[in-house]
Asker: 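Provided herewith is a single structure, encoded as structure tokens, for subsequent inquiry.
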8 protein chains.
Amino acid sequence: MDGFADLDFAREERCGFPEVVFGAGKTPAQVASIMQALAAEHTRVLCTRASAEQADTVQALLSDAQWVSSCNLLYIDRRADGARLRGTTASEVLVGPQGEGCVVVCCAGTSDLAVAQEAALTARLMGSHVNLLTDVGVSGVHRVLAHADELRDARAIVAVAGMEGALPSLVAGMVDVPVVAVPTSVGYGASFGGIAALLGMLNSCAGGVSVVNIDNGFGAGVTAHRINVPPARFAGAPA
Amino acid sequence: MDGFADLDFAREERCGFPEVVFGAGKTPAQVASIMQALAAEHTRVLCTRASAEQADTVQALLSDAQWVSSCNLLYIDRRADGARLRGTTASEVLVGPQGEGCVVVCCAGTSDLAVAQEAALTARLMGSHVNLLTDVGVSGVHRVLAHADELRDARAIVAVAGMEGALPSLVAGMVDVPVVAVPTSVGYGASFGGIAALLGMLNSCAGGVSVVNIDNGFGAGVTAHRINVPPARFAGAPA
Amino acid sequence: MDGFADLDFAREERCGFPEVVFGAGKTPAQVASIMQALAAEHTRVLCTRASAEQADTVQALLSDAQWVSSCNLLYIDRRADGARLRGTTASEVLVGPQGEGCVVVCCAGTSDLAVAQEAALTARLMGSHVNLLTDVGVSGVHRVLAHADELRDARAIVAVAGMEGALPSLVAGMVDVPVVAVPTSVGYGASFGGIAALLGMLNSCAGGVSVVNIDNGFGAGVTAHRINVPPARFAGAPA
Amino acid sequence: MDGFADLDFAREERCGFPEVVFGAGKTPAQVASIMQALAAEHTRVLCTRASAEQADTVQALLSDAQWVSSCNLLYIDRRADGARLRGTTASEVLVGPQGEGCVVVCCAGTSDLAVAQEAALTARLMGSHVNLLTDVGVSGVHRVLAHADELRDARAIVAVAGMEGALPSLVAGMVDVPVVAVPTSVGYGASFGGIAALLGMLNSCAGGVSVVNIDNGFGAGVTAHRINVPPARFAGAPA
Amino acid sequence: MDGFADLDFAREERCGFPEVVFGAGKTPAQVASIMQALAAEHTRVLCTRASAEQADTVQALLSDAQWVSSCNLLYIDRRADGARLRGTTASEVLVGPQGEGCVVVCCAGTSDLAVAQEAALTARLMGSHVNLLTDVGVSGVHRVLAHADELRDARAIVAVAGMEGALPSLVAGMVDVPVVAVPTSVGYGASFGGIAALLGMLNSCAGGVSVVNIDNGFGAGVTAHRINVPPARFAGAPA
Amino acid sequence: MDGFADLDFAREERCGFPEVVFGAGKTPAQVASIMQALAAEHTRVLCTRASAEQADTVQALLSDAQWVSSCNLLYIDRRADGARLRGTTASEVLVGPQGEGCVVVCCAGTSDLAVAQEAALTARLMGSHVNLLTDVGVSGVHRVLAHADELRDARAIVAVAGMEGALPSLVAGMVDVPVVAVPTSVGYGASFGGIAALLGMLNSCAGGVSVVNIDNGFGAGVTAHRINVPPARFAGAPA
Amino acid sequence: MDGFADLDFAREERCGFPEVVFGAGKTPAQVASIMQALAAEHTRVLCTRASAEQADTVQALLSDAQWVSSCNLLYIDRRADGARLRGTTASEVLVGPQGEGCVVVCCAGTSDLAVAQEAALTARLMGSHVNLLTDVGVSGVHRVLAHADELRDARAIVAVAGMEGALPSLVAGMVDVPVVAVPTSVGYGASFGGIAALLGMLNSCAGGVSVVNIDNGFGAGVTAHRINVPPARFAGAPA
Amino acid sequence: MDGFADLDFAREERCGFPEVVFGAGKTPAQVASIMQALAAEHTRVLCTRASAEQADTVQALLSDAQWVSSCNLLYIDRRADGARLRGTTASEVLVGPQGEGCVVVCCAGTSDLAVAQEAALTARLMGSHVNLLTDVGVSGVHRVLAHADELRDARAIVAVAGMEGALPSLVAGMVDVPVVAVPTSVGYGASFGGIAALLGMLNSCAGGVSVVNIDNGFGAGVTAHRINVPPARFAGAPA
């Protein structure tokens with residue numbers, strides 16, 4: 001590790017999942033060396049915003065690392081067979097062994113898909129069952145209403161949207177569970193790289209909506225998973 | 001007039017309605033003197049953002065001036081009886097003699113009502129029939145859908161909303177006529193006095209939405225009226 | 001109701017709690033009339049941002065309405081005795097009949113207290129047990145660490161902070177449950193009415209943090225309650 | 001379609017024109033597959049912000065797709081001969097079979113031309129006759145005045161401008177029909193990618209101006225067309 | 001002077017006019033004491049942003065101080081009779097003894113008048129002949145064109161405007177002398193207290209426009225005067 | 001010209017110099033065609049923000065076009081020998097035949113040099129004598145003071161600065177002529193591409209400072225020239 | 001203390017001075033109760049942003065509390081006679097018993113005086129000798145140069161300025177010690193409540209400048225004192 | 001030097017260190033020529049933001065120039081052997097001959113390392129002993145607490161952080177010496193290139209924190225060094 005990083009190996013015990021690597025701004029060698037160190041201590045290792053070049057370097061060192069190129073997620077899963085997740089597309093990962101509870105991740109357009117996948121795979125790797133709904137846009141409200149039953153089945157919902165970011169308000173008006181809103185940088189002109197959607201979501205007129213940073217699918221996935229699957233010490237708590 | 005204003009008496013001929021007075025920032029005496037000069041040339045005179053004090057001063061000079069306190073609109077209508085509008089509440093004015101075509105003005109909450117009324121009365125005084133719908137909010141989408149038929153009857157729609165400003169997108173996805181969006185300064189925190197709603201509306205994912213300034217019910221009313229009632233020279237145009 | 005509001009009586013069934021009244025920008029008479037209509041249909045009614053004048057008008061009509069002046073919350077609770085909450089200070093309300101699960105609401109300074117109380121009482125009225133921790137500031141980190149056990153007991157945490165808004169990051173690094181961050185408008189100069197804290201929280205380096213609007217204690221309370229107490233249909237879900 | 005898009009085939013009936021594809025951020029293969037699906041249901045298909053690479057891929061699949069490179073517009077028109085539009089330059093498309101009514105699109109400088117063309121071709125493809133005026137700038141006001149008659153012939157006007165964005169105010173002061181203003185990102189320094197023009201247009205002192213997003217020629221074209229050509233059910237309405 | 005101010009008595013020699021007092025944020029006593037000290041050294045003393053209370057206190061001490069309440073300007077002129085200016089309205093001051101050259105100050109609306117007067121009186125007191133034109137707005141472009149000859153007579157022009165701030169561009173397109181643009185805080189919504197006008201002016205497409213701060217009529221007056229009347233050492237320079 | 005531009009050949013008579021071409025965003029062919037048309041009517045033609053590629057295309061058509069690569073200025077000067085300017089570096093152009101009056105252009109650092117040269121050459125080509133001072137920075141105030149005499153010789157001063165933009169205030173405190181301030185986009189972090197310098201200059205505490213857009217050396221050069229050399233009709237005016 | 005505050009009595013040992021009370025947003029009773037608790041443990045107690053009403057309430061309880069109304073500072077000093085500071089004006093406090101080392105606090109205008117006094121008194125109460133220089137403005141650079149010797153005597157300098165905030169750059173160019181810059185909210189228009197000055201200072205071209213929040217004289221005073229007087233454990237360190 | 005730069009050779013005497021070159025925006029030849037001129041007068045020369053290409057050009061001319069590529073710092077040190085620093089990595093430079101006093105530079109993540117190194121090497125080259133601590137992040141607060149003793153040994157601390165920028169508050173709550181905060185542009189979405197961290201640091205609730213520009217490690221290094229090592233004339237001052 002050459003002194004550039006001082007990993008937090010107690011993170012899993014304290015926060016429920018090992019420290020996650022943020023790939024952007026690190027060299028491929030740094031990412032590889034950090035993931036190797038984490039893999040020596042944990043059965044799951046996750047790196048977000050991983051580039052193709054970082055993935056190559058990591059896979060040369062750790063041959064079981066999987067890269068989902070559509071959302072730049074790189075992961076290692078060394079759990080026992082019945083639990084282990086595999087695959088390099090979002091669909092492959094999501095259909096793995098049964099997860100717990102239910103998180104719905106929904107997004108408005110094709111362009112928001114990468115962020116929605118980051119959220120969905122994060123929650124899935126952390127242990128949740130995830131249902132990913134696409135093309136659920138506000139300008140064709142019937143498409144949202146058509147998913148009412150699937151939304152009611154979710155213990156937590158992630159709503160991803162760019163442009164005016166109205167999807168979370170619409171969804172939150174239909175359910176009684178928390179909605180985690182993710183603004184995306186999709187749009188042009190006065191969308192200001194996602195600020196319009198961010199402000200729209202912060203000002204949602206519907207209750208139960210909270211917001212993560214622009215394009216932060218990872219953060220939404222963590223939050224949704226923590227809502228969906230309580231830590232073990234809460235077994236017996238109201239449910 | 002004492003030299004402080006050089007009125008544009010040809011405005012009605014050029015733009016279809018006499019010059020409208022913007023009350024804010026003028027003394028009551030200035031407003032009265034300008035309205036008197038306009039009333040000498042035109043049968044209708046309109047002043048927006050008129051305070052109680054301005055209304056009092058004007059009414060002392062022009063006894064037939066009517067003030068709608070709920071949206072700070074002051075007007076004089078000296079047209080013949082079958083056409084003349086009267087009243088000091090929005091409801092009284094809207095139920096007057098038959099207007100032309102149909103403009104729908106809809107708003108989300110009680111707090112947006114003043115802006116919606118400014119839009120509705122402006123379009124009504126200019127000659128349009130106006131249908132004002134309130135409590136049409138995004139977080140209870142069924143309330144919007146319940147008005148689908150009334151929305152389809154409109155030749156132009158004004159959608160007024162604060163907070164995340166999602167109403168125009170939702171409405172525009174249901175109709176095939178222009179939607180004029182008005183952001184309001186209702187909200188708190190990161191609504192930034194209406195900027196969140198403004199950005200949301202500018203970034204609407206639905207076609208046919210255009211936007212006016214924050215709280216500018218007047219501007220929306222003018223635009224909707226011009227869409228709804230074409231100038232006379234277009235008689236015989238496609239309709 | 002005189003046509004100015006079209007209440008959403010199905011909200012409780014759909015979203016788990018009756019429609020909540022946002023007091024700001026409404027006249028006392030409007031608030032009273034809306035609360036009366038809601039009280040005819042529900043056993044609990046909540047109004048946020050209620051002024052003393054609004055409270056007086058409501059109490060003249062509905063004598064069992066309670067006003068917590070320190071956070072401008074007005075509520076009616078007509079549930080049976082063992083469940084009914086009473087009191088006009090935050091402490092009185094919080095010590096009522098046993099709530100479900102556990103929500104911790106923590107804040108940094110005396111000046112953030114009103115927002116923290118709004119969050120705490122909202123969650124409490126919706127059914128959660130709430131533990132309110134004050135004076136938990138980042139510049140004296142030992143004060144945060146001293147509450148580690150209470151933080152671990154919570155199924156959901158609300159962290160309220162102004163200025164640089166660092167508290168949620170610090171707290172989220174210590175727990176494995178969701179942290180709902182509330183920026184407050186406390187501060188001066190370049191705090192920009194809470195924007196500094198808002199941005200800080202959106203950019204938290206810790207996982208599991210999501211954010212609500214500036215000073216939006218209500219929204220945080222709703223979200224925390226929904227995390228803490230799942231809807232009944234999830235009984236038997238992972239816990 | 002491989003599950004990434006759930007097209008809204010009822011859009012044409014509901015909103016008057018088939019769903020329009022937004023090319024930016026989609027792969028060439030995605031665009032081609034979406035356009036093929038739409039072309040199977042509709043006689044006209046439109047894709048905005050289409051790159052040369054996207055155009056190539058689409059044309060390999062759908063040989064009658066036409067790409068107007070100067071404004072990145074890709075379209076298919078399979079209507080009967082007397083109605084069908086053809087051409088790969090703005091001029092060629094605009095001189096096709098007679099459109100309905102009249103929309104004027106005017107812009108200030110050579111640099112705004114692409115946005116103006118996007119607006120003009122959108123309105124033309126939707127059915128309007130369009131008159132495109134260029135080099136109509138505020139700093140040489142005589143050039144605007146010289147077009148007064150053409151402006152009076154229009155049922156709707158689109159005014160495109162960057163820098164200070166003053167053109168819509170000037171034009172709106174000369175006419176009695178709606179003016180749809182389009183700010184462009186042309187400029188440098190404190191133009192902030194079009195924000196200066198956007199703010200200028202939102203604050204227009206002239207009535208009847210509404211605004212679309214920066215560089216959103218498409219949105220302006222839709223709105224102008226909807227003003228110019230009312231839906232069929234309004235035949236017999238005031239005109 | 002009690003130590004709170006260290007006046008710059010050499011300013012007149014270095015910069016052509018004595019140090020000018022900025023009234024805002026000073027106590028009446030501080031303003032009076034500073035003006036008294038300046039009056040002991042100079043024949044002209046000027047204080048901008050002077051309140052009624054400040055004016056009263058100064059006049060109690062210096063009986064020949066004149067306050068123009070419409071633009072909050074307070075001045076003392078002790079030059080010889082043929083040169084001395086008098087009066088407490090803008091008109092009275094402007095019609096005094098012959099000034100040098102010609103500065104035109106023009107503004108769009110009644111609401112911009114105070115700022116325009118501050119500019120006009122500043123230039124007048126510094127020695128320029130000033131021609132103040134009001135109601136010169138962009139939405140009635142004929143009103144600007146009607147003043148073409150007066151504009152051509154000016155050696156320097158000050159153009160004052162709020163809202164979209166288009167007047168300077170229009171004027172600059174008609175003349176060959178410098179135009180000093182002053183944005184005003186008149187407007188509402190997205191005018192942002194003058195920022196829209198400021199940005200519009202900075203992005204003017206016309207040459208020869210430079211800009212001063214929002215509402216800074218004083219700064220524009222100084223600049224216009226310096227353009228109009230060169231320092232004495234330039235006698236014989238190109239003119 | 002193929003219809004894309006409608007040149008304003010009367011600009012020279014009305015505004016004192018032929019229409020200037022803004023190169024950015026135009027194709028080389030468009031620039032060449034416009035410059036050729038202007039060169040047919042005028043003896044001087046100027047194009048700002050001209051790239052190497054644009055310069056090549058223009059020079060292929062108009063062999064006497066000169067390109068100053070250090071500030072991207074392209075010009076043609078076909079005046080008689082004693083007046084004609086030549087050269088492809090700023091120094092070569094500035095030392096040409098005697099200009100009128102005196103404009104000083106000063107800048108703080110090497111990095112501001114391109115903008116300062118654009119201002120200097122613009123004023124020079126329009127007819128002013130120009131003195132260009134470099135390395136005049138605020139953090140070494142003695143370097144500014146050392147130029148006091150040269151500054152006093154100028155009829156107009158252009159002060160160019162990035163970062164905190166303090167140079168214009170410092171210079172304006174030393175002179176009695178107008179100072180035209182040009183903020184540059186030099187800097188990093190919170191300089192925000194020149195906004196810090198722009199705001200600093202707009203808020204200058206010194207009189208006689210007006211500001212042009214970020215990096216707008218051209219605009220400053222025009223303004224300074226118009227101050228320095230009055231139109232011929234002012235011969236005999238105060239000087 | 002009634003549970004609303006959990007004071008940090010170990011702050012003095014850890015950070016060198018007892019916890020300082022921030023008066024804004026607290027009730028007079030809260031301030032009094034907190035100061036009483038602190039005074040029981042420490043010989044010095046400081047409250048910033050204290051209003052007259054807060055001062056009255058505190059003095060009723062703690063009769064030796066001193067209020068400096070010109071900068072809203074409230075303090076108690078119970079040290080032994082030779083060290084104790086007294087007085088209710090800045091001058092009275094600053095001339096007390098000898099402080100250590102030397103801090104210079106300089107400001108540009110009368111309007112910045114309150115912030116400069118807050119900085120000066122804070123540093124003085126913490127133990128530094130302080131020299132307060134006023135009317136040191138950039139537009140009269142000779143006034144800054146005249147203080148060169150006093151600036152060289154300081155171990156730390158606080159430079160307070162509003163408007164363009166250029167003073168710290170100018171001062172930092174003259175010295176070799178740290179300069180703590182304090183932007184003030186003095187100014188109007190595009191000063192944006194101190195943002196212009198803040199940005200100017202952050203972008204200072206001179207080395208050794210660091211910045212505190214707008215109007216944060218207290219923060220600058222603490223920093224300057226910590227620079228000027230090292231903690232005791234550094235005795236013998238390089239000096 | 002060819003006239004493009006007028007170096008300030010007296011800077012070392014006045015400010016304690018020779019003028020430092022800012023590489024960004026200069027050509028390699030300009031940097032080389034400036035460094036050569038400075039090296040002729042001084043024993044140490046420093047250039048920040050130096051690219052590989054600039055370094056190559058300089059080293060061809062001045063063979064003892066050292067380039068630290070990880071933070072783009074280029075320097076020459078020609079002091080006598082016992083004092084001279086050497087090396088092209090941060091570690092090599094920091095372990096050179098004994099520096100004076102102690103500066104701690106700490107940063108949160110690998111991504112902030114370059115900025116932290118710029119600060120550390122700047123302070124080291126100016127003469128301070130520097131202790132560089134990495135991976136000191138807020139979300140794992142124990143890692144900060146583990147360095148408490150090293151922090152107490154520092155006479156000045158530089159705290160570097162991106163994202164929410166909470167590190168300086170946390171550190172300042174643990175010490176009694178000045179903390180210089182450096183926001184970095186690390187982050188995404190609403191971090192806005194470092195603005196979130198900048199605002200967080202300006203609003204720190206802890207005393208003794210001052211801030212430099214985003215990514216300005218150099219500025220922080222200068223300030224920390226000036227705090228740590230007083231100019232020689234202060235020998236005998238309080239320490």
Side-chain angles (χ1 to χ4, degrees), chain A residues 8 11-17 19-20 22 100-102 122 127-128 152-153 155-156 172-181 198-199 201-214 216 218-239, chain C residues 8 11-17 19-20 22 100-102 122 127-128 152-153 155-156 172-181 198-199 201-214 216 218-239:
Chain A
D8 184 2
R11 183 78 62 94
E12 182 164 20
E13 183 176 4
R14 215 170 62 241
C15 299
F17 195 83
E19 186 170 1
V20 173
F22 180 59
E100 293 183 86
C102 179
T122 296
S128 288
R152 299 289 290 187
D153 283 345
R155 176 66 183 92
M174 299 167 63
V175 300
D176 51 5
V177 294
V179 175
V180 183
L198 171 63
L199 292 181
M201 291 169 176
L202 285 169
N203 287 284
S204 175
C205 54
V209 176
S210 61
V211 186
V212 297
N213 204 348
I214 297 167
N216 188 5
F218 167 71
V222 176
T223 297
H225 170 71
R226 289 188 180 186
I227 296 169
N228 179 45
V229 182
R233 69 181 174 282
F234 290 101
Chain C
D8 184 1
R11 182 78 61 95
E12 183 164 19
E13 183 176 4
R14 217 170 62 241
C15 299
F17 194 83
E19 187 170 1
V20 173
F22 180 58
E100 291 183 86
C102 179
T122 296
S128 288
R152 300 288 291 187
D153 284 346
R155 176 66 183 90
M174 298 167 63
V175 300
D176 51 5
V177 294
V179 174
V180 184
L198 171 63
L199 292 181
M201 290 169 177
L202 285 170
N203 287 285
S204 175
C205 54
V209 176
S210 62
V211 186
V212 297
N213 205 348
I214 297 167
N216 188 7
F218 167 71
V222 175
T223 296
H225 170 70
R226 290 188 179 186
I227 296 169
N228 180 45
V229 182
R233 69 182 173 282
F234 289 101

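All values derive from a computational prediction rather than experimental measurement. Order of the sequence lines sets the chain letters (A, B, ...), proteins ahead of strands, with each chain counted from 1.
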Asker: Of all of A/Val211, A/Asp153, A/Val212, which one pairs up most often with chain C through heavy atoms under 4.5 Å apart?
Answerer: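 Top option by heavy-atom pairs under 4.5 Å: A/Val211.
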
Asker: For C/Pro178, run the side chain to side chain contact (heavy atoms under 4.5 Å, CB included) check against A/Val222, A/Ile227, A/Val180 and tell me which one passes.
Answerer: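 Of the listed options, the one satisfying the test is A/Ile227.
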
Asker: Find out whether A/Val177 and C/Pro230 are in side-chain contact, i.e. whether some heavy atom of one side chain is under 4.5 Å from a heavy atom of the other.
Answerer: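 The answer is no; the side chains never approach within 4.5 Å.
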
Asker: Considering all heavy atoms of both residues, which atom of A/Arg226 and which atom of C/Gly208 are nearest to each other, and what is their separation?
Answerer: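 Scanning both residues, the minimum pair turns out to be NH1-CA, 3.9 Å.
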
Asker: With only heavy atoms counted, which part of C/Leu198 is less than 4.5 Å from chain A, the side chain, the backbone, both or neither?
Answerer: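 Looking at C/Leu198, just its side chain touches chain A.
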
Asker: For C/Ala172, is it the side chain, the backbone, both or neither that has a heavy atom under 4.5 Å from a heavy atom of chain A?
Answerer: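 The backbone, not the side chain.
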
Asker: What are the two closest non-hydrogen atoms of C/Arg233 and A/Arg152, and how far apart are they?
Answerer: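 Reported closest heavy-atom pair: NE-O, 2.8 Å.
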
Asker: Contact part of C/Val209 toward chain A, heavy-atom cut-off under 4.5 Å: side chain, backbone, both or neither?
Answerer: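 Interface part for C/Val209: backbone (N, CA, C, O).
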
